[in-house]
Amino acid sequence: MQDKYDAKAVEQAVRRRWEERGAFAVKDDDPRPKYYSLCMWPYPSGDLHVGHLRNYSIGDVWARHKRMQGFNVLQPMGWDAFGKDAELKARKEGIHPAAWVESNTANMRRELRELGYMVDWSRELATCNPKYYRWEQHLFLRMWEKDLVYYSPTKVLWDKATGTVVARRDVDDGKVARQDVEVREFPAYQMRLRRYGEELLAGLAKIAWPEKIVKDQQYLIGRSEGMSIRFALEAPAAGLEEIEVYTTRPDTLMGVTYMAVHASHPLAAAAAERDPKIKEFCEQALQILPIDAGNADSEKNGVALDVRVLNPVSGEPVPVWVADYVIDDYGSGALMGVPAHDERDFSFARKYGIPIVRVNALPGADPAAPVEQAEVAKGVAVNSGPLDGLDLAGCVAKLEELLGPKGKARRDHNMSLRDWPINRQMYWGTPIPIIKCAKCGLVPVPDEDLPVELPLDVDFLKEGLASHPEFVNAKCPKCGADAQRECDTMDTFVNSAWYYARFACRDAADEMVAARAAPWLPCDHYFGGDEHAQGHLVYARFIHKVMRDLKILPPESGDEPFAALLCQGMVLGSDRKKMSKSQDNTVMAKDILERYGADTARMYIIGIGNPKDAYPWNEEHVRDHALFLEALWTLARERREQVAAGADAEPAAANGLALKRLQAAIDRNLKEQRFNNLVFGGIHSIRNLVRDNPEDAGLQHQGFAALLKTLNLIAPHVAEELWAGLGYEGLLIDASWWEPIAAAELQGDEQLYVVQVNGRKRDELTVAAGLGDEEVIAAARACANVARHLEGKQVAQAKVVRKPGGHGIVFFVAKG
RNA sequence: GCCGAGAUGGCGGAAUGGGUAGACGCGGCGGACUCAAAAUCCGCUGUUAGCGAUAACAUGAGGGUUCGAGUCCCUCUCUCGGCACCA
C-alpha cells in the first residue's frame, strides 16, 4: 500500500487486476442462479454526462450486490447508435454518422470502463451493426406476415426546410421553425400497438414498477367504458342514415344540443362540396394532426352543416356541426355535444350560441339551476324523461333496455392508444425490408436476402438512401420486374425495443433470440429515466409480447420484459435547473473523472440523495468524498496489523452489536434501494466505529470487511485495493455478502427505554434486557424526572412498547 | 386542467409498522500538534430562557385523530417533473 492515496494509480492497477482475472466475464452455464440487471443503454452523443454517471452507478450498486449475494449477474452494455441526432449533427459538421458514432462510442466505452462498471464487454451491441439490425428486419417481416405491421397513410408534420418528418415536440421545443412545418399525408408502416392494448394494460399488474410509470401507461392506453349510440339523420345525407357516437356519459344523452363530426367525416365532405365556406373550414381543420388535436386551451372552431339528427330517446332534432376539436380516429370521429356537462362542449356551445341544457345534478341540487360552467361531476339525471333520478350505471341499464332492442345503443369501450408508425424519412436507421413493385405492390424482402444493409457510401447530406441507385434499384422478389427498395428507415424506438433479449445471446448467428438466452429472460431489474414512461417502456413491452406470440422468444421468457424497474431522478445543474446546453449548466462525467477519479465520482453521485429524486450538482460535495477516501486510506494503513491480528477474534460485545446494527441498516437500505444511505449512514458510520475503537482487533477485522464490502458497491477500485492491502483473501468483487441479520442478533443484554409522560420525553432508562413490563414500569416510575412529572397526578395508563433494534418506549398517561 | 414527487438546522440530507426529530457529512466555533500555516486529530454546534438540572418552542401554513404525528386524515400555499381537447 502506498503512503498516500493516489486514485488514478489505484484505479488503473485494480482494473488491470480485474481484467487479468476475467472478473467481469459472464457465462451462460454458470451453476449459480441468474440475475439480469440492465441499465438503459446510452445514445452515443459524445461524452458521458452526469445523468449517465448516475444511472450506471445506481445499476452497478445493484448488480454488484446481487453478485455478492451469490447470483450469476449479467449486466451488459451497448449503444443506441442510430438516430436523427447523429444524422443532423453529422450533416452540420460534414462527418459521416458512422464515423461520428464510432468515435463517440470509443470515447464513451473508455469512460464507462474507467468508471469500473461491472460490465461484460464481450456482449457489447450497437444498433447500427448489420448483425444487430438484420434481426430487427427479421422481426419486421414476421410481423408483416401476421399483419402486425401494416401500411397505411397517416398525417405527419413535415418540415419543408429539411425535408423530413418531425415530431410535435421538436416544433414545440423550437428545434424546428413553426413556419416551415406543414401537415402532410404520408404512407406509413404502423405496428398494431392497439391490438395489444388490453394486454399492455393488464400486464401492468404483474410487474414491480413505480406507481408513476404504471399510471402514465394506463393513461396512455386510455381505456374507457361507455356506450355507442346511434342518432338517425332527419333526412338521409351523403348516403348515410345514421351517425354513431361513442360516449362515456350516456347519462347525459338528453342534454345533447348538437353533434360534432370531424372534417374528414362523409357528412362534412358532402357539405363541403356544396358550400365553399364549409370547404375552407374543413381544409383548415385537416391541417390539425390527430396527436395534435391540440392544446387543451386552444380555441375550438366549427361550422354548422345543413343536417340534423334525432335524439334516439326523445326524437328531438339537433344540428350537426363540423368541429376542429373532434379527433378523427377516436371512437367514430363524431361526438354528441353536451355543453352542460363537458368542458369542451361547453366552450364550443358558448362560442356559437348553442343551447346549454342541464340534465344532471348532484343529489339535493336544484334541477332548474342555470349552468354557469361545465358541470362534470357525476350526479343523477334530471330533465331527462325516462332517465330521471338514475345515476350513470342506472342510465346505461335503462338505455340498454330502451334502445338496445332497436340496435340504437350498446355498451362499448374504447382506447386512446394509437398504433405505432415506425418509418422515418431518415438515412441513419434500420432499412425497412420492403421492395415496392409497380405490379405486386409492397413485397417483403426474402429472409435469405437479409440483412438489407444500409449503404455507407451515400450522400446523406442530400437525399439519403433515395440517392443511392444500387440500394434503391432492386428486382421484385415476386415477379422479377424492376422495382425500388423502401427508402424509409425504422424509428430508433424499434431498435431499443428488443435489445435486452439480444444481450442474452449477443452473437447468435441463426436466430434472433437463441435458446441459450432462455435462462436470462426476462430481465430481472431495469434502470433508467422516467422520461421513457410513455415511449420506450411501452414499445419494449409490446415487442416482448409480439416476440412471445411469434415464438421468437424462448417459452420461459414470460409476458413482460422487465420484472422490476427503478427510475432514477435527474441530475440538475448547480442552478437547480434542468441541465441543458442552452442553460450552459451541463456537467460531463469526464470533468469529475479526470479531477478526482472514478471512485470519488461514483461515491458522490450515489451519495447525492434518494435514487428516485432529482438533485442539483454540487462540486464542493464531490471534494468531500475525495477527502473521505483519502482519510479512509490513511486509517486502513494504520490499522493493518490490528486487522490481521483480529482474524480469529470476536469484537467486544458492544462493538459487535454496533457493527451488526449498522450492517442491518445497510441491508435495509439496499432492500429499499436507498443507496445514498449506504454512503453516510453505512460506510461513514462503520468507519467511525472502527476508527474510534483501535484496540478492538476483532472489530477491526470484521468492521473493515463489512465496510469494504459495502464500499465495493460504490467505489469498487479503492475498496478492492484496500481489501488486498489489509490482507483479506481473494478478490473483493468475488467476496460474498454477509448473511441476513436476524432481529434477535440486534438485541443486546441491555435495553434502552425512553420514558414519556403524556407523550413527552422525560427521561431515559437503561435496564437489563428481558425484564417484564411491571419491572420496567417500576424502574421508569423511579426515574427522578419522571417522578417529578407524575407527582400529584393519577396515572391512568402505563405501558411498555418494545421496538426492534434494542430500544423501547415506556409511557405514562397522567391526569389531574 | 390531469398524474406524480417534494418542502426537515447555516447547507446536503437521516429518521423501520405513528414511538428519543436532526443519524452521517459539510460549514462554523473551541482545542491539540506546529516557530507559524496547511493537512490531520479531538470536542461542541436547531432556537429561546437559565450558572445548571431543566423547560418551552421547532419538520411549508392551518385544522383533526392519538398517551404520542416529519410519519395517518382534511384544507391550503409554494417548488419541481411528466402528460395534455381520448368525447
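Residue numbers start from 1 in every chain, and the chains themselves are labelled A, B, ... in the order their sequence lines are given, proteins ahead of strands. Just so we're clear, the structure is a prediction, and the values are computed from it rather than from any experiment.
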Checking all strands, does A:N785 fall into the base, sugar-phosphate, or nothing category for heavy-atom contacts under 4.0 angstrom?
sugar-phosphate

Consider the side chain of A:R762, meaning its heavy atoms from C-beta on, and name the nucleotide among B:C67, B:A15, B:A56 that approaches it most closely.
B:A56

Return the value, rounded to whole Å, for the distance between atom CG of A:D575 and atom P of B:C80.
12 Å

Note, RNA chain B 5' to 3' with Watson-Crick or G-U pairs under 3.5 Å encoded as ( ), [ ], | and . gives (((((((..(((......[....)))((((((.......))))))((((....))))..(((((..]....))))))))))))....

Over how many whole Å does the gap from A:D613 atom CG to B:U79 atom C1' extend?
13 Å

Length of the CG-P vector between A:D216 and B:A5, whole Å
11 Å

By side chain to side chain contact (heavy atoms under 4.5 Å, CB included) - contacts of A:S332 (at least two apart):
A:A334

What residues from residues 788-798 of chain A pass a heavy-atom cutoff of under 4.0 Å to RNA chain B?
A:R788, A:H789

Without decimals, in angstroms, what is the distance between A:R781 CZ and B:C67 C1'?
15 Å

Distance check needed: B:G81 C1' versus A:E211 CD, whole Å only.
15 Å

Can you tell me how far P in B:C67 sits from the matching atom in B:G18, rounded to whole Å?
16 Å

By side chain to side chain contact (heavy atoms under 4.5 Å, CB included), which residues pair with A:K212, not counting sequence neighbours?
A:D216

Students often mix this up, so state it plainly: with edges at 30° and 60°, are the rings of A:F680 and A:H684 parallel, tilted or perpendicular?
tilted

Considering the options A:V318, A:T257, A:V245, which one meets the side chain to side chain contact (heavy atoms under 4.5 Å, CB included) requirement together with A:M336?
A:V245

Side chain to side chain contact (heavy atoms under 4.5 Å, CB included) filter on A:P740, not counting sequence neighbours, yields none

A:L220 CG - B:C83 P separation (whole Å):
11 Å

Determine the interatomic distance between P on B:G28 and the same-named atom on B:C35; round to the nearest Å.
25 Å

Rounded to whole Å, please give me the gap between CZ in A:R760 and C1' in B:A58.
11 Å

Which is true for A:A665 with a 4.0 Å heavy-atom rule: it touches a base, it touches only sugar-phosphate, or it touches nothing?
nothing

Any base atoms under 4.0 Å from A:M570, or only sugar-phosphate, or nothing? Heavy atoms, all strands.
sugar-phosphate

When you compare B:G10 with B:U45, how far apart are their P atoms, in angstrom units rounded to a whole number?
16 Å

B/S/- along nucleotides 16-32 of chain B (protein heavy atoms under 4.0 Å) is BB-BB--BBSSS-----

Euclidean distance, atom CD1 of residue A:I608 to atom C1' of B:G13 [Å, nearest integer]:
11 Å

